[in-house]
Amino acid sequence: MRRFFLTITVVAAFIMSAATIAKTPVRSGKKQPKTTRTTKKTTPAKPEPEQWVLVNVAAACMRTEPAHSSQLETQASYGTPAKVLSRSGEWYRLQLPDGYRSWMTGSSVVDMTPEQLDSWKQSDRLIVTQPRPVSAYSDSLNISDGNIAFDAVIGSIFQGRKTPGAKFTRVTLPDGRNGFMRSDDLEDFSLWSRKPPLIDTIMNTARSMTGVTYLWGGTTPKAIDCSGFTKVCFAAAGLILPRNASQQAVAGLSLDPADIDSFRQGDLLFFGTGTGNVVTHVAIYDGFSRYLHASGRVFESSFKPSHPLYLPRKVIAACRILGVDSPKDITTFADHPWYF
């Protein structure tokens with residue numbers, strides 16, 4: 001028994017000794033480095049500079065996906081500024097001044113730094129105000145078809161300045177090319193943008209496009225869709241409308257579509273398919289139950305059954321833009337920061 005207790009005592013002493021050794025720090029001839037906790041300072045990443053382009057063709061096509069085979073969504077003309085959202089190969093995903101976003105091939109645009117865009121906004125510029133497509137010539141002495149430098153459409157913006165009394169004016173494209181256009185087809189962009197919107201400008205532009213072919217996604221007098229038609233007509237008066245009919249239907253001042261006697265010339269009328277209430281079509285009211293619209297082609301119709309131009313389409317929505325203080329979702333070229 002004694003030997004047993006002696007053995008227990010020895011074992012206990014050994015365990016206590018081992019525990020003491022475990023708590024004792026190991027020492028060596030080398031000085032142990034001090035461990036200090038450091039906080040790594042992170043520098044906030046600088047935001048990427050904005051990238052811009054100017055449209056460099058008369059009717060640049062924008063598509064749903066970055067492919068020529070993809071559906072046409074909308075178009076833009078010479079001198080339209082656009083913000084670059086992303087790129088995929090030769091394609092740019094762009095945002096237009098009206099907020100619309102889609103893809104455009106790089107061959108239709110010229111890259112601009114923010115500084116270059118600011119310089120463009122401060123430069124002398126001209127805008128095409130002739131509703132029908134026009135041409136620019138290589139020189140002002142030879143205006144034959146064989147001397148055409150490029151074509152242009154209403155709303156195209158070029159750098160240049162008109163010379164009083166001159167029959168032709170030199171214009172410069174975003175890529176630096178030059179041409180000569182008839183001075184009567186151009187106005188000083190800064191002065192034009194500050195003019196009050198006029199109903200005559202809108203209606204004359206609308207009537208001038210009578211017979212123009214319908215094209216889904218078209219926004220020029222070359223070929224045009226219904227909301228592109230209304231957009232071009234109001235842009236001629238300095239107003240930037242939303243792109244699609246469904247977006248235009250909730251802009252401006254909403255009107256009672258059943259109160260047709262209250263419609264004024266220049267009001268926008270909206271239609272659906274069949275008996276549905278989903279907006280699929282838009283027209284410009286011309287008075288006396290008649291309206292102008294693009295459907296197959298640009299032509300005039302009436303919603304009055306007894307009228308010879310009657311079409312069995314029911315007005316399901318209507319809105320007014322002219323004569324309304326600060327119409328909803330509408331801006332002017334003069335007030336848009338991408339132009340001035």
Side-chain angles (χ1 to χ4, degrees), residues 52-56 58-60 74-83 94-100 110 112 114 116-134 136 152-164 169-174 181-206 208-209 219-221 228-243 248 251-252 266 268 284 321-340:
W52 299 85
V53 296
L54 287 178
V55 174
N56 197 48
T74 191
Q75 294 175 316
S77 303
Y78 281 117
T80 300
K83 181 183 290 186
L94 302 176
Q95 179 180 338
L96 296 180
D98 62 8
Y100 206 86
V110 172
M112 304 286 286
Q116 289 172 324
L117 185 68
D118 286 340
S119 177
W120 175 81
K121 290 191 290 186
Q122 296 171 22
S123 67
D124 293 323
R125 289 165 293 167
L126 300 165
I127 185 169
V128 175
T129 54
Q130 167 59 247
R132 285 293 192 175
V134 295
V153 295
I154 187 171
S156 297
I157 300 171
F158 306 103
Q159 288 183 296
R161 179 187 298 178
K162 291 178 69 171
T163 300
T169 295
R170 180 178 179 177
V171 298
T172 302
L173 273 65
M181 301 181 67
R182 289 184 174 87
S183 299
D184 290 344
D185 295 336
L186 301 163
E187 288 192 37
D188 179 277
F189 181 53
S190 180
L191 296 177
W192 170 88
S193 66
R194 293 197 293 270
K195 290 181 178 180
L198 300 175
I199 185 61
D200 286 347
T201 301
I202 294 171
M203 300 313 302
N204 289 341
T205 302
S208 75
M209 285 190 279
T219 60
T220 77
F229 172 69
T230 55
K231 187 173 176 63
V232 168
C233 294
F234 278 80
L239 299 171
I240 301 175
L241 268 61
R243 174 60 181 97
Q248 295 176 6
L268 295 183
I284 302 176
I321 295 171
L322 288 186
V324 176
D325 291 334
S326 302
K328 184 177 62 174
D329 297 330
I330 306 295
T331 187
T332 66
F333 284 87
D335 291 331
H336 201 295
W338 294 8
Y339 287 99
F340 293 97

ask   = P81 and Y339: which non-hydrogen atoms are nearest, and at how many Å?
value = CD-CE2, 3.5 Å

query = Does the side chain of T169 come under 3.5 Å of the side chain of S183 through a donor N or O and an acceptor N or O?
reply = yes

task = Taking all non-hydrogen atoms of both residues into account, name the closest pair between P197 and L239 and its distance.
result = CB-CD1, 3.9 Å

ask   = Got W52 and W120 here, is their nearest side-chain heavy-atom distance under 4.5 Å?
value = no

query = Under 4.0 Å between a Lys/Arg side-chain N and an Asp/Glu carboxylate O for D118 and K121?
reply = yes

key: Within-4.5 Å side-chain heavy-atom neighbours: S193 and T332   = no

task = State whether the side chain of K328 and the backbone N or O of G252 hold a donor-acceptor pair below 3.5 Å, judged by distance alone.
result = no

inquiry  = Return the CD1 to CE distance between I199 and M203, rounded to the nearest 0.5 Å.
reply    = 5.5 Å

Separation of Q130 CD from M181 CE (nearest 0.5 Å) = 9.5 Å

request  = Give the intermediate values and the outcome of side-chain contact (heavy atoms from CB on, under 4.5 Å) for residues D184 and T129.
outcome  = CA-CA 9 Å; D184 290 344; T129 54; over 6 Å; no

ask   = With no hydrogens and no angle check, is any side-chain donor or acceptor of S119 less than 3.5 Å from a backbone partner on Q116?
value = no

note = Of F158, F340, Y78, the one forming a ring-ring contact (aromatic ring centres under 6.0 Å, His included) with F189 is F340

query = After noting the C-alpha distance and the side-chain angles of E187 and K162, does the key distance pass the salt bridge (charged side-chain N to carboxylate O under 4.0 Å, His left out) rule?
reply = CA-CA 8 Å; E187 288 192 37; K162 291 178 69 171; over 6 Å; no

ask   = Can you find a heavy atom in the side chain of V53 that is under 4.5 Å from one in the side chain of M112?
value = no

key: I127 vs I154 side-chain heavy atoms within contact, under 4.5 Å   = no

query = Could you walk me through whether K195 and L191 pass the side-chain contact (heavy atoms from CB on, under 4.5 Å) check?
reply = CA-CA 7 Å; K195 290 181 178 180; L191 296 177; 5.9 Å; no

ask   = How many angstroms lie between atom CG of L186 and atom CZ of R170, to the nearest 0.5 angstrom?
value = 14.5 Å

key: Least distance between heavy atoms, V55 atom then A76 atom   = CG1-O, 3.7 Å

task = Please report the closest heavy-atom contact between N56 and P174, naming both atoms and the distance.
result = OD1-CD, 3.2 Å

For T331 against D335, the heavy-atom pair lying closest together = OG1-CB, 4.0 Å

ask   = Between H336 and F333, is a ring pair (Phe, Tyr, Trp, His ring centres under 6.0 Å) present by the stated rule, with each step listed?
value = CA-CA 5 Å; H336 201 295; F333 284 87; 8.1 Å; no

query = Are the side chains of R243 and L96 in touch, meaning some heavy atoms are under 4.5 Å apart?
reply = no

query = With Y100, which of T74, T219, L94 fulfils side chain to side chain contact (heavy atoms under 4.5 Å, CB included)?
reply = T74

key: Minimal non-hydrogen separation, P131 against P221, with atom names   = O-CG, 3.1 Å

message = Could you tell me if the side chain of T80 sits less than 4.5 Å from the side chain of L54, heavy atoms only?
response = no

task = With the side chain counted from C-beta on, respond yes when I321 and Q248 share a heavy-atom pair under 4.5 Å apart, and no when they do not.
result = no

message = I'd like to know if the side chain of S156 reaches the main chain of A152, judged simply by a donor and an acceptor atom lying under 3.5 Å from each other, with no hydrogens or angles considered.
response = no

Distance (rounded to the nearest 0.5 Å) between F234 CZ and I284 CD1 = 5.5 Å

query = Should I330 and P242 count as side-chain neighbours, where that means a heavy-atom distance under 4.5 Å?
reply = yes

task = Calculate, to the nearest 0.5 Å, the distance between atoms CG and OG belonging to L126 and S190 respectively.
result = 11.0 Å

query = For the atom pair CH2 (W338) and CG (D98), what is the distance rounded to the nearest 0.5 Å?
reply = 8.5 Å

ask   = Do other residues, nucleotides or ligands put more than 12 heavy atoms under 6.0 Å from the CZ atom of R161?
value = no

